[in-house]
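Reminder, nothing fancy here: chain letters follow the sequence lines and each chain counts from 1. Here the structure is a predicted model, which is why all the values come from computation and not from measurement.
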There are 4 protein chains.
Amino acid sequence: MNDRSPAPELIAPSTRGNESAILNAALDAFGEQGFNGASMRDIARGARTSLSNLYNYFPSKSELLAELLRRANDEQLARTRHAANAEATTAAERLRAAVKAYVGFVVDHQVAALVAISEIRYLAGKNREHVVEARDQTQAIFEEIVADGVSAGEFTTPYPGDAARNITAMCSAISTWYRPEGRLSKTQLAEEQSRYALALLEARP
Amino acid sequence: MNDRSPAPELIAPSTRGNESAILNAALDAFGEQGFNGASMRDIARGARTSLSNLYNYFPSKSELLAELLRRANDEQLARTRHAANAEATTAAERLRAAVKAYVGFVVDHQVAALVAISEIRYLAGKNREHVVEARDQTQAIFEEIVADGVSAGEFTTPYPGDAARNITAMCSAISTWYRPEGRLSKTQLAEEQSRYALALLEARP
Amino acid sequence: MNDRSPAPELIAPSTRGNESAILNAALDAFGEQGFNGASMRDIARGARTSLSNLYNYFPSKSELLAELLRRANDEQLARTRHAANAEATTAAERLRAAVKAYVGFVVDHQVAALVAISEIRYLAGKNREHVVEARDQTQAIFEEIVADGVSAGEFTTPYPGDAARNITAMCSAISTWYRPEGRLSKTQLAEEQSRYALALLEARP
Amino acid sequence: MNDRSPAPELIAPSTRGNESAILNAALDAFGEQGFNGASMRDIARGARTSLSNLYNYFPSKSELLAELLRRANDEQLARTRHAANAEATTAAERLRAAVKAYVGFVVDHQVAALVAISEIRYLAGKNREHVVEARDQTQAIFEEIVADGVSAGEFTTPYPGDAARNITAMCSAISTWYRPEGRLSKTQLAEEQSRYALALLEARP
DNA sequence: AATGAATGAGGATTCATTCAT
DNA sequence: AATGAATGAATCCTCATTCAT
C-alpha cells in the first residue's frame with residue numbers, strides 16, 4: 001500500500017446483510033448534512049434499502065450515530081496507542097509516531113474523523129460516555145508523552161496539558177480542509193504535522 | 001474592565017424592538033442544539049416573542065444564522081486586523097498581538113465563536129460567500145504575518161500557510177473547551193496561546 | 001324540550017376557532033374506532049381541518065382523549081350530584097333521582113358515555129387521576145345514598161357497596177346498546193332503570 | 001378444587017407446538033393494551049417466539065383475536081347452558097345456577113371475560129357473527145329463564161328482556177374490578193350476585 | 001410590530017405482513 | 001415449525017413558513 005492508495009475500510013463488510021452499507025450511508029449522510037440535517041430516508045436511500053429496514057439493524061438514528069462514533073474513536077485510539085507503545089528511545093520519537101498515526105487516521109477516514117468531532121454533541125447517555133472516554137484516552141496518550149518529555153528535559157513547554165490539547169486540535173482540524181488531490185500526500189502531511197507538534201513543545205534540537 | 005469582567009455584547013441592543021433578543025436567542029439555540037436541531041419555536045421562546053413575529057425581523061431561519069455568522073466573523077476580523085495593524089517593530093510582536101486579539105474574541109464570545117465554526121456549513125449562496133470571505137481574510141492576516149516573519153528571518157518554519165492554519169485551528173478550538181471559571185483567565189490564555197504560536201513557527205529567541 | 005329532543009351539547013361551541021369541532025370529531029372517532037384505532041388524520045378529517053392544526057389546540061392525542069373524558073365525567077358527576085342533593089324525603093326518592101340523572105346523561109351523550117367507560121384505560125398520569133376521581137365521586141354518591149337507605153331501614157340489601165356498583169354498572173352499560181329509535185324513550189328508560197335499582201336494593205314497598 | 005384454587009385453563013396446552021403460548025400471550029397483550037394497542041411483536045415476545053412464526057399459527061392479528069373470543073364466549077355459553085339445564089324445580093333455582101356459572105366464568109377467566117366484552121368491537125365479518133351469536137345465546141338463556149319465572153308467577157318484573165340484560169351487564173362488569181385477593185371469594189361473589197339478580201327480578205320470597 | 005391560526009411537507013418510528021431460507 | 005430480513009403503508013408529531021387580523 002503506497003501513500004495515495006485507499007485506506008483499509010473503517011467499516012468492514014459485515015456478515016449481517018446490509019449492516020455495513022447502512023453504516024457507510026449514515027457516515028456519508030452525517031458527513032454531508034450533519035446529524036440533524038440527515039434523515040433516515042437519506043440513509044436508507046444511500047444504503048439502497050428501505051426506510052423501515054434500517055430499524056432491523058439499528059434501533060434509532062442516535063444508535064446509528066453512536067455506532068459510527070464508537071468505531072471511529074476506537075480505531076483512532078487503537079492506532080495512536082499502538083504507535084505510542086512502539087519501541088522508541090525518546091519522547092520526541094514517540095510523539096512523532098503518535099502524531100503520524102493520529103494524522104494517518106484523519107486522512108484515511110476523513111469523513112469519519114470529521115463526524116467524530118462535529119457530531120459527538122448529539123450523543124447522550126451511555127453512548128456519549130463510551131465515545132468520550134475513547135476520545136479522552138487518545139488525548140491522554142499525548143499528554144503522557146509530553147509530560148514524559150518534559151521530565152526528561154526533551155521538551156521545555158511550560159504547560160504539558162495545554163500543549164497536548166493544541167496538538168490534537170490542530171491535527172483533528174485536518175479533517176475540515178484536507179483534499180487528497182492537494183499538495184500534500186498523507187505521509188508528507190503526517191511528517192509536517194509532527195514537526196509542528198515538536199516545535200510547539202519547544203523540543204531541544 | 002478587568003480580566004474576568006463580561007465582554008462587550010456582540011449583539012448590541014437594537015433600535016429595532018426585539019431584534020437583539022431574537023439574535024441572542026438564536027445564538028443560544030444554535031449553540032446548544034445546532035442549526036438543524038434548533039427550531040424557530042425554540043428561538044421564539046428564548047426571545048419571549050411569538051413564532052410568527054420572528055419573520056417580521058428575519059425572512060428565514062437561514063438568514064438568522066447568516067446574520068449571526070456575519071456579525072461574529074466581522075467582529076473577529078476587525079479585532080484581529082486592528083491588532084495586526086498596530087505599530088510594531090517585529091513580525092513576532094505582530095503575531096503575538098494578532099493571536100491575543102483572536103483568542104480574546106473566542107473567549108469574549110465563546111458561543112458565537114463555536115457557532116461560527118460549527119454551523120457555517122449550513123450556510124449557502126451569498127450568505128455563505130460573505131462569511132467565508134471574512135473568515136479567509138482573518139486567516140490571511142496570519143499568513144501574511146508569518147510570511148513576513150519568514151522573510152525577515154524571524155521564523156524558520158518551512159510552510160508558512162500550513163503553520164498559519166494550525167495556529168488558527170488551535171485558537172478556534174478554544175471555543176470547544178474553555179470554561180471561564182477554569183484555571184486560565186482570558187489574558188493568561190491569550191498569553192499562553194501566543195507563546196505556542198511563536199513556538200510553532202520556530203521563532204528565533 | 002321533550003323526551004326525544006336533542007340534548008344540550010356536551011361540547012359547547014368554543015370561542016376558540018375549531019376547538020369544539022375537533023373535540024366532537026375526536027369523540028366520534030374514538031367512539032367508532034377506539035382510541036388506538038382512530039388516527040389523528042381521522043380526527044382532522046372529521047373536524048375539517050388539517051392534521052397539523054390539531055396540535056395548535058391539543059398537544060397530543062392523549063390530551064385530546066383526556067379533555068373529552070374530563071368533560072364527560074365532570075358532567076355526569078355534576079348531573080348526578082345535583083339530582084342527589086335535591087330536596088327529598090327518603091333515600092329511595094334520592095336514589096330514583098340520581099339514577100334518572102345518571103341514565104339521562106348516558107342517553108343524552110351516549111357516545112361520550114361509551115368512550116368514558118371503554119377508553120379510560122388509555123389515560124395515564126395526572127389525566128387519569130382527575131378522570132378516575134370524578135368517576136369515583138359519582139360512584140360514591142350512589143354508595144352514600146344506599147348506605148343511608150340501609151341505615152334508615154328503607155333498603156335491606158346486605159352489601160351497600162356492591163349493590164351500588166351493580167347499579168352504576170347496569171346503567172353505564174346502557175351506552176352499549178341503547179338506540180334512540182327503539183322501544184324506550186329516555187324518560188321511560190330512566191324510570192324503568194330506577195325501578196330496577198330499587199328492586200336490587202330490596203327496597204321496602 | 002377449592003374456592004381460591006386456579007381455574008382450569010381456558011386455553012389448554014395444544015398439541016400444536018406454540019399455539020397455546022401464542023394464544024395466552026395474545027390474551028395478555030389484548031387485555032393490557034387493547035386490540036389496537038397491542039402489536040404482533042408484543043405477542044411474539046410474550047410467547048417467546050419470533051414475530052414471523054406467529055403467522056404459521058394464525059393468518060392475521062384479527063384471526064388471533066377471533067380465536068380468543070370464540071373460545072371465551074363458547075366456554076361461557078357452555079357453562080351457563082349446562083347450569084341452566086340442570087335439574088331444577090323453579091325458575092329461581094335455575095336463575096341462581098345460571099348466574100353462578102356466568103360469574104364463575106368471569107372470575108376464572110377474568111382477562112378473557114374483559115377482552116370478550118371490550119374487544120369484540122374490533123371483530124368483523126364471519127368472525128364477528130360467530131362470537132355475537134354465542135354471546136346472544138348466553139343472553140337468551142337468561143331471558144328465557146326470566147320469562148319462565150314471570151309466567152310461573154315467581155318473578156314480577158315487568159320487562160323480562162330488560163331485566164335479563166341488566167343481570168348480564170352487572171355480572172360482566174365484574175371483570176373490570178374483581179381482585180382475587182379481595183374481600184370476596186369466587187363462591188361468595190357468585191352467591192351474592194345471584195341474590196342481586198333475584199332481587200332485581202322482584203322474586204317472591 | 002405583533003399574534004394566533006393555519007398548512008403541507010417531512011421528521012423518526014412502528015405497523016402488520018411476506019418472503020427466502 | 002421456525003427465523004431474520006425485508007417492505008410499504010401508516011403512525012404521531014414537528015417543521016419552517018404564511019396569512020388574516
Given that B/Leu54 and A/Ser60 both sit by DNA chain E, which one's nearest nucleotide is further toward the 5' end? B/Leu54
Given side chain to side chain contact (heavy atoms under 4.5 Å, CB included), test B/Leu27 with B/His109 step by step and report yes or no. CA-CA 10 Å; B/Leu27 185 55; B/His109 304 298; over 6 Å; no
Integer-rounded Å distance: E/dT7 P and C/Arg41 CZ: 14 Å
With sugar-phosphate meaning primed atoms plus P, OP1 and OP2, does C/Ala38 contact a base, only sugar-phosphate, or nothing at under 4.0 Å between heavy atoms? sugar-phosphate
Between D/Ser62 and D/Leu123, which heavy-atom pair has the shortest distance, and what is it? O-CD2, 4.0 Å
For a stem of at least 3 consecutive Watson-Crick or G-U pairs with distances under 3.5 Å, i pairing with j, i+1 with j-1 and so on, which stems involve DNA chain E? E:2-21 with F:2-21
Separation of E/dA16 P from C/Asn36 CG (nearest whole Å): 11 Å
Does the side chain of D/Leu68 reach to within under 4.5 Å of the side chain of D/Ile11, using non-hydrogen atoms? yes
Give a yes or no on whether a salt bridge exists between A/Arg71 and A/Glu75, defined as a side-chain N under 4.0 angstrom from a carboxylate O. no
If a pair satisfies salt bridge (charged side-chain N to carboxylate O under 4.0 Å, His left out) and one of its residues is in residues 111-123 of chain D, list it, with sequence neighbours excluded. C/Glu119-D/Arg121, C/Arg121-D/Glu119
What are the bounds, 5' to 3', of the part of DNA chain F that sits under 4.0 Å from heavy atoms of chain A? F/dA5 to F/dG8
Which comes earlier along DNA chain F counting from the 5' end, the contact point of B/Leu51 or that of C/Leu51, where each point is its nearest nucleotide? C/Leu51
Hydrogens and angles aside, do B/Ser39 and B/Asp42 bring a side-chain donor and acceptor to less than 3.5 Å of each other? yes
Report yes if the side chains of C/Leu69 and C/Arg128 come closer than 4.5 Å at any heavy-atom pair, otherwise no. no
Which word best sums up how the rings of C/Tyr122 and C/Phe35 line up, parallel for under 30°, tilted for 30 to 60°, or perpendicular for over 60°? parallel
Interatomic distance, A/Phe58 CZ vs E/dA12 C1' [rounded to whole Å]: 16 Å
Need to verify one output field. Residue with the more 5' nearest nucleotide on DNA chain E, A/Met40 or B/Asn56? B/Asn56
Looking at C/Ser52, I'd like to know whether one of its side-chain N or O atoms comes within less than 4.0 Å of OP1 or OP2 on E/dG8. no
Taking atom C1' of E/dT7 as reference, at what distance in whole Å does atom OH of C/Tyr57 sit? 12 Å
Quickly work out the A/Asn53 CG to E/dA12 C1' distance and round it to whole Å. 16 Å
Base, sugar-phosphate or nothing for B/Arg16? Non-hydrogen atoms, less than 4.0 Å. sugar-phosphate
For D/Asn18 and D/Arg48, which I'm curious about, is there any donor-acceptor pair between the side chains at under 3.5 Å? no
